[in-house]
Amino acid sequence: MSDTPITFSHESGAQVSTLPEAFQQTVKIRPDAVALRTVGGTTSITWSQYARRVRTIASGLANLGVRQGDRVGIMLTNRPEFHLVDTACLHLGAVPFSIYNTSSPDQVGYLFGNAGNTVVVTEQVFVPVIAAATSDVKTVVVVDGSPDGAVSLADVEDSPAADFDFDAVWHAVQPTDLATLIYTSGTTGPPKGVEISHRNIIAELTALAEHVDVGFDDRIVSYLPAAHIADRVSAHAANLVRGIQITTVPDPREIAAALPDVHPTFFFGVPRVWQKIKAGIEAKLAEESSPVKAKLGAWALRTGAAAAKAQLAGRKPGAADALQHAVADKLVLSKVRGAIGMDQVTFAASGAAAIPPEVLEFFLGLGIPVLEVWGMSETTGVSTMTTAENLKIGTVGKPVHGVEVKIAEDGELLIRGPVVMEGYRGQPEKTAETIDADGWLATGDIAEVDADGNVTIVDRKKELIISESGKNMSPTNIENAMKAASSLIGQVVAIGDAKPYVSALVVLDPDAATARAHLHKLGDEDIATVSSHSAVIEEVTAAIRQGNGKLSRVEQIKRFAIVPAAWDPGGDELTPTMKLRRKPIADKYAERIDALYSGATSSGVVDLG
């Protein structure tokens, strides 16, 4: 939170220090290039069109009374209008912020109460939720119509403020002004509003520029919620500052279908997305009716995996191995990359949660090196990352440029640098607890730093399992070992704090459960029905045993139970970004957890002995 000036060397040659300044420079470079689009190109907006819309929306919002520093709520799916509205707000010096579309009226009321916004921009489908929330919102702007009690975005654009000086207003925006609020997922309590300044975002993009060279010829898919720091920086801010083209995908479940349309050059996925793509490839191979093609595909994947292991071990392949890999790539691997739309990716990354090493090794074998990044909303996204030159699977790499790390006496990772947030909105005591007088931010993660400077995240400080015998264990490490063993396992919750052994709740992946329903001819695709089928229980049991094989004896799961229901992002068990809400889970499934530690094997409990 120092006052050191931070500027970004824009492609135009100018030094920019705010997002509006960067956007205006970007527009000048390729005004006729496509900046924003939807899948299939149904909607396509050039940079010059983008700039004109930003000007008219900003004037219309000013007419509604939006001024510098005012917060503007946004509740939208991933669509071009988000970028238009958010960028217009930034030019006003306002603070646009997004909330998760799964938010309940009570949650909406809490978030709007903390932000203090009187204007919200949304879609018709979310108007009832906003109307049911208790807040000070006076104006609801709807981008896809004009329902009763709301104003349409078109009407806003057609109603400019009198004597509005657009250029003077955006020139007045300062680097220390807030650019957005990111509300934390709230796994342990109400969300906190992370205040991110223009300076923070420019510093983040400056740090990433050392490893990520993107521009107008690059393409990204925006499918993660804009309420998440990852999409706001890697897609939205990178679009404004670097000129990367965005294709919006309103339903994240459609990402696999969108990739072949876009052929992105830059792709960021949370671990579950990478796991789903991997499972899809493996399912296609398993369904191959031609024995010759099936054997060829399996051989190619094995060959790629062997090449990946050699690369990770620092071994150069011999001439025969290199030739075999080249043949495998030409005949199969390159075609797989093309089929999934990832044949032109130059930068692929995973973040937001730990990813099983096996998944990273799989994609490396496929010819798609997936870098692992670590960061927080409080650090404006990426703080450490692996690179093509430092592909240390199992670590989250080294700090990016301008970021310092150190380990506190209790093992907690501390971060310092210009990417560190300004603070928590309206919570100075929480800010003081998190950032000390010297600018070090306490991340809440237990970590280790090796001799080369690579950071390894052990687990969340408050989530470590300490067994009855005093053994410290990482639940994430245990859970990832299980998820890596089978695509059928969607979620795992490792339990064992102050217990004699580790047990687990297992939740099936909905797509995989549907596939098993067809395989076993159940006639009923309901996940509860699938969860109780003997063959499914046997498959999960085999996967748990396989996962246990990668763990020390004390970490191994001794008993588990399959929860006969799906867990949805934003529900009781998962945050909108798919993080486990461990305390609510413990409360909701208390009886089931107690059964895992009862003397006799209870109904639904599988004892691995």
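All values below come from the heavy atoms of this structure, side chains included, with hydrogens, waters and symmetry mates left out.
- The aromatic rings of Phe23 and His91 sit perpendicular, their planes meeting at an angle over 60°, well past the 30° parallel limit.
- Between atom OG1 of residue Thr380 and atom CZ of residue Arg199 there is a gap of 9.5 Å, rounded to the nearest 0.5 Å.
- Ser222 and Asn78 share a donor-acceptor pair across their side chains, judged by distance under 3.5 Å alone.
- Between the side chains of Arg337 and Gln344, no donor-acceptor pair is found at a separation under 3.5 Å.
- In this structure, NZ in Lys284 is found 12.5 Å from CD1 in Ile340, a value given to the nearest 0.5 Å.
- Neither side chain, Asp329 nor Ser334, offers a donor N or O lying under 3.5 Å from an acceptor on the other.
- Checked by atom type and distance alone, the side chain of Glu422 never pairs as donor or acceptor with a backbone atom of Leu178 at under 3.5 Å.
- Rounding to the nearest 0.5 Å places CG of Asp70 at 9.0 Å from CG of Leu92.
- Using a distance-only test at 3.5 Å, with no hydrogens or angles considered, no donor-acceptor pair links the side chain of Asp218 to the main chain of Gln245.
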I'd like to know whether Leu333 forms a side chain to side chain contact (heavy atoms under 4.5 Å, CB included) with Leu301, so could you lay out the CA-CA distance, the side-chain angles of the two residues, the decisive distance to 0.1 Å, and finally the verdict.
CA-CA 7 Å; Leu333 303 180; Leu301 287 178; 4.1 Å; yes
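- Panel note: side chain Gln25, backbone Ala22; no donor-acceptor pair is recorded below 3.5 Å.
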Test log, rule salt bridge (Lys or Arg N to Asp or Glu O under 4.0 Å), inputs Arg30 and Asp217
CA-CA 11 Å; Arg30 290 197 201 172; Asp217 296 322; 2.9 Å; yes
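- To the nearest 0.5 angstrom, Ser48 atom OG is 14.5 Å from Lys28 atom NZ.
- Taking the six-membered ring wherever Trp is involved, the centroid distance between the rings of Phe268 and Trp274 does not fall below 6.0 Å.
- Taking a 6.0 Å sphere around CG of Asp213, one finds it holds 12 or fewer heavy atoms contributed by other residues, nucleotides or ligands.
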Starting from the C-alpha separation in whole Å, work towards a yes-or-no answer on side chain to side chain donor-acceptor pair (under 3.5 Å) for Ser98 and Arg232.
CA-CA 9 Å; Ser98 291; Arg232 186 165 282 276; 3.2 Å; yes
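- Atom NZ of Lys392 is surrounded by 12 or fewer heavy atoms from other residues, nucleotides or ligands within 6.0 Å.
- Here the side chain of Thr26 pairs a donor or acceptor atom with the backbone of Leu240 at under 3.5 angstrom.
- You'll find the ring centres of His83 and Tyr50 outside the 6.0 Å limit.
- The ring of Tyr183 has its center no closer than 6.0 angstrom to the ring center of Tyr424.
- Although no hydrogens or angles enter the test, the distance criterion places no donor-acceptor pair under 3.5 Å between the side chain of Arg425 and the main chain of Gly423.
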